[in-house]
K.L.:
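Sharing a structure here in structure tokens format.
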Amino acid sequence: MLLRRYLLFVGLLLFAPLVGHAQSTGSVAGTVTDANDRPLPGVNVAIQAVQRGAATGPDGSYTISALEPGQYTIQASLVGYETQRATVTVEAGENVVQDFVMTAASLNLDEVVVTGQGSEVSRRALGTNVSTISAEDIQETPTTSIDKLLQGRVPGSTIRSQSAQPGQGALINFRGITSVFANQTPVIYVDGIRVDNSSSTSFSFGGETTSALSEILTNDIERIEITKGGAASTLYGSDAANGVIQVFTADGEAGETEVTFRTRQGVDFPVSRFFKDTGFSFPETREDEDSPDFGRTNYIENEFLRRGYSQDYYVGVSGGSEAITYNLSGRLQDGSGVQPNNSNTLYALRGNVSADVAEELSVQFNGSYTRSNFTRLSNGTAIADPLTMLEVGDAKFFTGTNNLRDALDMATLPQIKEGVDRYRLSARAAYRPNELFNSSLTVGIDGRTNEQRALFPREADPLTGNTNGILTRFNRDFKSITLEYRGTISYPREGPVTSTFTFGAQGFRDEESQVWAEAETFALPGTEDVGEAGSVVADELREQVFNGGVFFKEQLGYENRLFLSTGLRLDGNSAFGEDVGVQVYPSAELSYILTDEPFWQGSLESVLSQLKLRAAWGQTGKFPDPFTRDVTFQATSFRGASAPRFDNPGNANLGPEKTSTLEGGFESSFFDGRFGLDFTVYQSRTTNALFEVPEQPATGRGLQFRNVGEIRNVGTELSADVRVLQLENLFWQVGGSWSWNQNEMESLGGAAPFNIGGSAEFAQQRVKEGQPIGAWRATTPYDSNGDGQLDASEFRFTGETPFPVHTGAFTTSLTVQNFRLFALADWATGSEVLDWGSHWASFNGLERAPRPQKFDENGDPITDADGNPVDFSTAEAGSALLQDGDYLKLREVTLSYNVPGSLLDVAGIDQGSIYVTGRNLWAFTRQELVDPELAGLTDTDNVALGGSQSITLSPPRQIQVGVEITL
């Protein structure tokens with residue numbers, strides 16, 4: 001008893017100061033809702049004077065505790081809403097209740113962004129255009145991958161799917177083509193670490209490849225920030241010419257533990273409108289009653305394609321105390337595709353823990369793991385692709401069968417499987433000793449391993465031309481390590497003139513290894529391992545690249561309405577030539593809030609509520625591929641002996657491609673924020689572009705990569721939002737965007753014009769001075785003697801490109817009490833798509849795409865042996881195979897219902913919602929042979945421009961029903 005009293009006495013002495021301190025402080029708590037009294041999660045509620053704050057939970061509640069007595073200004077901000085402020089007085093030991101009602105905003109200049117700035121900066125100070133996708137935007141869409149989420153939501157972007165097969169991400173491009181040999185995918189960060197962004201991580205087996213983007217899930221994302229290259233990406237150095245996508249996942253919030261459960265069930269419907277089907281490709285299905293296939297005129301639609309089903313389950317747990325918070329989640333997804341042998345499963349785990357180690361020091365740990373499994377068919381250009389065989393008339397010929405059912409059975413024998421393991425780990429420490437200085441240190445790793453296995457068994461030998469089967473194995477292992485330090489000095493913080501100086505250092509190390517093997521001739525049925533084959537060929541590739549640099553940025557502000565920023569990045573890279581030193585990337589920005597001027601207050605303000613003028617200039621880069629700088633050799637046969645020759649002549653002066661961008665524009669809102677308008681015009685020029693330049697023949701060095709080219713892009717981006725109605729229980733908003741880009745190859749620096757990926761002998765994606773990169777150049781029938789009849793053919797540029805010139809989107813959102821309807825449609829114009837399927841069909845005497853009639857030099861029609869008119873062949877009329885690429889697609893429609901709290905309280909549920917959503921519901925195109933949205937063939941050694949398709953299935957129409965509850 002005496003010992004217990006002694007320990008109690010000691011404990012009181014130790015904790016008395018803390019108890020006294022707790023009693024001498026107060027707190028502020030409340031709920032944040034929208035204009036329709038719906039709780040808003042993810043709202044940032046902050047007291048900037050003391051750098052304290054919290055984010056609202058799923059029920060819209062927040063708490064800021066341990067506040068010294070006094071008067072404070074509290075600010076509530078959320079992307080897409082007007083910032084709200086309130087002044088409260090905190091008393092010792094008391095809790096002040098302060099609720100906020102947020103109204104939708106067409107322009108929020110107080111929104112804080114990070115990407116491209118080096119530190120947190122309010123949008124009013126930005127001289128560049130940074131697009132933001134909020135958590136609310138993410139909740140509006142049924143898609144679970146980041147590439148599909150961006151479709152229609154980012155002006156200036158071109159985002160094209162590859163096909164309907166699982167695991168294949170989209171091609172993403174911002175503001176035109178800046179390189180001929182480099183990947184155009186933007187750099188992607190998740191929670192501050194750089195992640196694998198490759199769009200081609202496996203063998204294609206017919207044109208489309210697995211993308212690393214498919215595992216970047218939209219679960220638990222708080223927001224996404226996008227810069228589109230140019231001045232906004234300067235601080236990222238030699239790998240940011242294509243732009244930067246920065247993903248921030250949600251943290252836990254102090255308070256009681258909250259459990260969120262989501263489930264989604266869906267049905268996929270195949271899109272068959274771009275197929276002529278077997279009534280065209282196999283005439284006997286409609287003409288020969290004795291054929292076993294008679295009557296199967298729609299075999300693809302009725303017997304090959306099918307409905308797909310998907311199910312998705314998610315559980316998230318979050319909570320914590322003032323000192324430590326957590327956010328943990330898990331997800332399971334399973335789906336069957338709309339084609340045979342198409343399925344996918346996914347298992348994902350994610351965790352986040354944040355802790356305040358001391359008043360001035362906080363740490364955060366993030367981790368995630370994803371396991372994906374896919375089964376696929378051969379596709380597009382592969383002989384074994386069943387869809388192409390059925391559409392162009394090759395099914396019986398390639399399989400050696402006499403009916404479509406047996407042909408399909410053989411075509412689906414190959415087993416193409418792939419498994420992907422991906423993990424991300426990161427740690428971040430933030431140190432803020434006072435209001436003038438803060439810093440952070442981030443370290444992390446992104447790892448991705450995929451194993452692909454394609455078995456063509458003995459029974460499928462007629463397809464492959466092999467004897468006793470063939471097995472292909474491909475393994476890719478990728479790791480990226482990120483190390484970054486950032487520091488910010490803010491002085492003076494207040495007064496007419498303010499200054500923020502940011503500095504830091506970044507280092508990235510990418511390691512990639514690839515191992516593949518091809519095994520042939522399996523003696524026994526059922527054997528399917530590489531070691532059991534009669535012949536094995538294998539190869540291996542290993543690459544390591546280090547990219548690092550330091551950056552500095554100074555931002556000066558005057559009266560919180562005029563801002564001038566200058567920045568500098570110094571960059572080094574292991575892929576640079578040995579004679580290339582540190583690269584310098586400067587930038588400058590100007591932002592001016594005209595409507596904050598005193599003379600604007602009053603009558604002018606009632607019409608033009610906010611107007612921000614901005615301008616920026618900056619440089620970014622793109623470093624060469626690994627080993628391009630190095631001299632390498634290979635052996636070749638010469639007079640019966642092995643002789644060495646140059647494989648790559650190397651270049652000690654090899655440096656990065658540099659893109660300089662000048663942009664300007666404005667952001668504005670009218671009539672108290674009811675109408676918002678955002679406009680940007682830009683011009684970018686890539687200098688030191690990499691091209692293969694021929695060496696003197698006497699040197700034997702062949703072609704050498706040199707920094708000699710120039711590429712130019714000019715464009716505009718325009719977006720608008722209109723609040724049509726805003727009543728107590730009714731809110732209606734519409735929006736739209738339009739972007740235009742003109743691309744031109746200004747100089748090849750002495751290199752000869754050449755073709756790049758997707759080219760054929762009759763239709764080429766051409767690189768030539770004065771033309772857009774990849775401009776279509778095709779064989780074109782013409783009148784050689786002026787008699788008005790087409791009698792000859794020659795290569796001519798068509799005036800179109802494989803990628804769209806104009807893109808845009810329309811959105812609408814209607815809220816009636818607890819119901820909300822959201823719809824998004826996107827469109828593109830100005831491109832042409834090469835229809836390889838019509839070329840394949842011509843080998844079987846089928847004219848899938850009409851070709852012009854051919855005449856002789858005397859003006860007489862050329863006929864066959866039966867006297868029938870002869871058309872130009874596909875080799876002579878490649879222009880006829882180029883299809884119009886314009887489209888308009890109803891991308892998403894979602895109807896959601898937030899269950900009233902009065903109904904949920906009975907079941908002990910904090911928040912609940914039900915929704916039904918559709919994707920890819922309707923499309924308009926100017927032709928019916930190819931889906932112009934699809935990127936098409938992407939397995940190319942050069943830049944993937946898309947625009948070249950074989951028979952490729954469109955992403956399916958999807959109908960999904962989902963439920964979300966929070967306990």
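Values in this document were obtained by computation on a predicted structure and should not be read as measured data.
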K.L.:
Between the side chains of R891 and N920, is a donor N or O closer than 3.5 angstrom to an acceptor N or O?
P.N.:
yes
K.L.:
Taking CH2 in W732 as the centre, count heavy atoms belonging to other residues, nucleotides or ligands within less than 6.0 Å. Is the count above 12?
P.N.:
no
K.L.:
Could you report the tightest heavy-atom contact between T325 and A254, atom names first, then the distance?
P.N.:
CG2-N, 3.7 Å
K.L.:
Please determine which of D312, V963, V961 meets the side-chain contact (heavy atoms from CB on, under 4.5 Å) test together with T263.
P.N.:
V963
K.L.:
Considering all heavy atoms of both residues, which atom of T807 and which atom of A828 are nearest to each other, and what is their separation?
P.N.:
CG2-CB, 4.1 Å
K.L.:
Quick check against the 3.5 Å criterion: does T595 have a side-chain atom that pairs as donor or acceptor with the backbone of L611?
P.N.:
yes
K.L.:
Quick check: do E258 and L967 have side-chain heavy atoms less than 4.5 Å from each other?
P.N.:
no
K.L.:
Under 4.0 Å between a Lys/Arg side-chain N and an Asp/Glu carboxylate O for R614 and D678?
P.N.:
yes
K.L.:
Does N197 use its side chain to pair, donor to acceptor, with the backbone of P186 at less than 3.5 Å?
P.N.:
yes
K.L.:
At their closest point, which heavy atom of A616 faces which heavy atom of T128, and how far apart are they?
P.N.:
CB-CG2, 3.4 Å
K.L.:
Give a yes-or-no answer on whether the side chains of S354 and Q364 include a donor-acceptor pair shorter than 3.5 Å.
P.N.:
yes
K.L.:
With sequence neighbours left out, what residues match R428 under side chain to side chain donor-acceptor pair (under 3.5 Å)?
P.N.:
none
K.L.:
What residues form a ring-ring contact (aromatic ring centres under 6.0 Å, His included) with F679, not counting sequence neighbours?
P.N.:
F666
K.L.:
Going by side chain to side chain donor-acceptor pair (under 3.5 Å), name the residues that satisfy it together with D239, two or more places apart in sequence or in a different chain.
P.N.:
R194, K622
K.L.:
I74 versus V28: any side-chain heavy-atom pair under 4.5 Å?
P.N.:
yes
K.L.:
Evaluate side chain to side chain donor-acceptor pair (under 3.5 Å) for Y326 paired with T257, printing each intermediate quantity in order.
P.N.:
CA-CA 9 Å; Y326 57 88; T257 298; 2.7 Å; yes
K.L.:
Between CG of N173 and CD1 of I159, what distance do you get to the nearest 0.5 Å?
P.N.:
9.5 Å
K.L.:
For the CD atom on E256, are there more than 12 heavy atoms of other groups (residues, nucleotides or ligands in this structure) within a distance under 6.0 Å?
P.N.:
no
K.L.:
Quick check against the 3.5 Å criterion: does T680 have a side-chain atom that pairs as donor or acceptor with the backbone of T716?
P.N.:
no
K.L.:
S737 and S719: side chain to side chain donor-acceptor pair (under 3.5 Å), yes or no, with the steps?
P.N.:
CA-CA 4 Å; S737 66; S719 61; over 6 Å; no
K.L.:
Report the C-alpha separation of K612 and Y592 in whole Å, then their side-chain angles, then the decisive distance to 0.1 Å, and conclude whether the side-chain contact (heavy atoms from CB on, under 4.5 Å) test is met.
P.N.:
CA-CA 6 Å; K612 169 188 161 183; Y592 177 40; over 6 Å; no
K.L.:
Taking side chain as C-beta onward, heavy atoms only, is T87 less than 4.5 Å from Y72?
P.N.:
no
K.L.:
Go through the side-chain N and O atoms of T502 and R486 and say whether any donor and acceptor fall under 3.5 Å apart.
P.N.:
no
K.L.:
Can a donor-acceptor pair be found, under 3.5 Å and without considering hydrogens, that links the side chain of E589 to the backbone of G127?
P.N.:
yes
K.L.:
If you take all heavy atoms of S329 and D220, which pair is closest and at what distance?
P.N.:
OG-OD2, 2.6 Å
K.L.:
Give the intermediate values and the outcome of side chain to side chain donor-acceptor pair (under 3.5 Å) for residues Q506 and E484.
P.N.:
CA-CA 4 Å; Q506 294 175 325; E484 177 183 273; 2.5 Å; yes
K.L.:
Keeping S668 on the side-chain end and L677 on the backbone end, is there a donor-acceptor pair under 3.5 Å?
P.N.:
yes
K.L.:
Yes or no on side-chain contact (heavy atoms from CB on, under 4.5 Å) for T812 and Q733, after CA distance, side-chain angles and deciding distance?
P.N.:
CA-CA 6 Å; T812 185; Q733 184 175 13; over 6 Å; no
K.L.:
Side-chain contact test, heavy atoms from C-beta onward, threshold under 4.5 Å: evaluate it for Q960 versus S310 and give yes or no.
P.N.:
yes
K.L.:
My understanding is that only one of I224, V190, I133, I172 makes a side-chain contact (heavy atoms from CB on, under 4.5 Å) with I146; could you say which?
P.N.:
I224
K.L.:
Please test R223 against T132 for side chain to side chain donor-acceptor pair (under 3.5 Å), starting from the C-alpha separation and ending with a verdict.
P.N.:
CA-CA 7 Å; R223 73 184 191 280; T132 305; over 6 Å; no
K.L.:
Quick one: does R153's side chain have a donor or acceptor within less than 3.5 Å of a partner on L149's backbone?
P.N.:
yes
K.L.:
Can you name the ring-ring contact (aromatic ring centres under 6.0 Å, His included) partners of Y62, sequence neighbours left out?
P.N.:
none
K.L.:
I need the minimum non-hydrogen distance between S609 and F671, along with the two atoms involved.
P.N.:
OG-N, 3.6 Å
K.L.:
Taking the six-membered ring of Y314 as reference, does the cationic atom of R331 (NZ for Lys, CZ for Arg) lie under 6.0 Å from its centre and within 45° of its axis?
P.N.:
no
K.L.:
Is it true that R561 and D596 make a salt bridge, defined as a side-chain N closer than 4.0 Å to a carboxylate O?
P.N.:
no
K.L.:
Hey, does K889 have a side-chain heavy atom less than 4.5 Å from the side chain of W922?
P.N.:
no
K.L.:
Determine, for R264 against E964, whether the closest basic-nitrogen to carboxylate-oxygen distance falls under 4.0 angstrom.
P.N.:
no
K.L.:
Nearest 0.5 Å, please: how far is CG in D826 from CD in Q151?
P.N.:
6.0 Å
K.L.:
For R124, is there any backbone N or O sitting under 3.5 Å from a side-chain donor or acceptor partner on S591?
P.N.:
yes
K.L.:
Do S233 and T227 meet the criterion of a side-chain donor-acceptor pair at a distance under 3.5 Å?
P.N.:
yes
K.L.:
May I ask you to say whether R422 pairs ionically with D446, meaning some side-chain N is under 4.0 Å from a carboxylate O?
P.N.:
yes
K.L.:
Residues in ring-ring contact (aromatic ring centres under 6.0 Å, His included) with Y897, at least two apart?
P.N.:
F819
K.L.:
Give the minimum heavy-atom separation between L921 and R957, together with the two atoms involved.
P.N.:
O-NE, 3.2 Å
K.L.:
Once the angle between the rings of W738 and H806 is folded into 0 to 90°, is it parallel (under 30°), tilted (30 to 60°) or perpendicular (over 60°)?
P.N.:
parallel
K.L.:
Does a salt bridge link R160 with E933, judged by any charged N lying under 4.0 Å from a carboxylate O?
P.N.:
no
K.L.:
When you measure from the side chain of S739 to the backbone N and O of G156, does any donor-acceptor pair fall under 3.5 Å?
P.N.:
yes
K.L.:
Please test K228 against E663 for salt bridge (charged side-chain N to carboxylate O under 4.0 Å, His left out), starting from the C-alpha separation and ending with a verdict.
P.N.:
CA-CA 11 Å; K228 287 162 278 190; E663 69 174 74; over 6 Å; no
K.L.:
Tell me whether T917 contacts the main-chain N or O of V893 through its side chain, where contact means a donor paired with an acceptor under 3.5 Å.
P.N.:
yes
K.L.:
Restricting to side chain to side chain donor-acceptor pair (under 3.5 Å), what partner residues turn up for N352, sequence neighbours left out?
P.N.:
D251, N366
K.L.:
Would you mind reporting whether I909 and V899 have side-chain heavy atoms less than 4.5 Å apart?
P.N.:
no
K.L.:
Should I193 and T442 be marked as a side-chain contact (heavy atoms from CB on, under 4.5 Å) after you check the CA-CA gap, both sets of side-chain angles, and the distance that decides it?
P.N.:
CA-CA 8 Å; I193 66 169; T442 302; 4.2 Å; yes
K.L.:
Apply side-chain contact (heavy atoms from CB on, under 4.5 Å) to the pair I245 and F174, showing each step before the final yes or no.
P.N.:
CA-CA 11 Å; I245 299 174; F174 296 148; 4.2 Å; yes
K.L.:
Just by distance, do the side chain of R723 and the backbone of G673 share a donor-acceptor pair under 3.5 Å?
P.N.:
yes
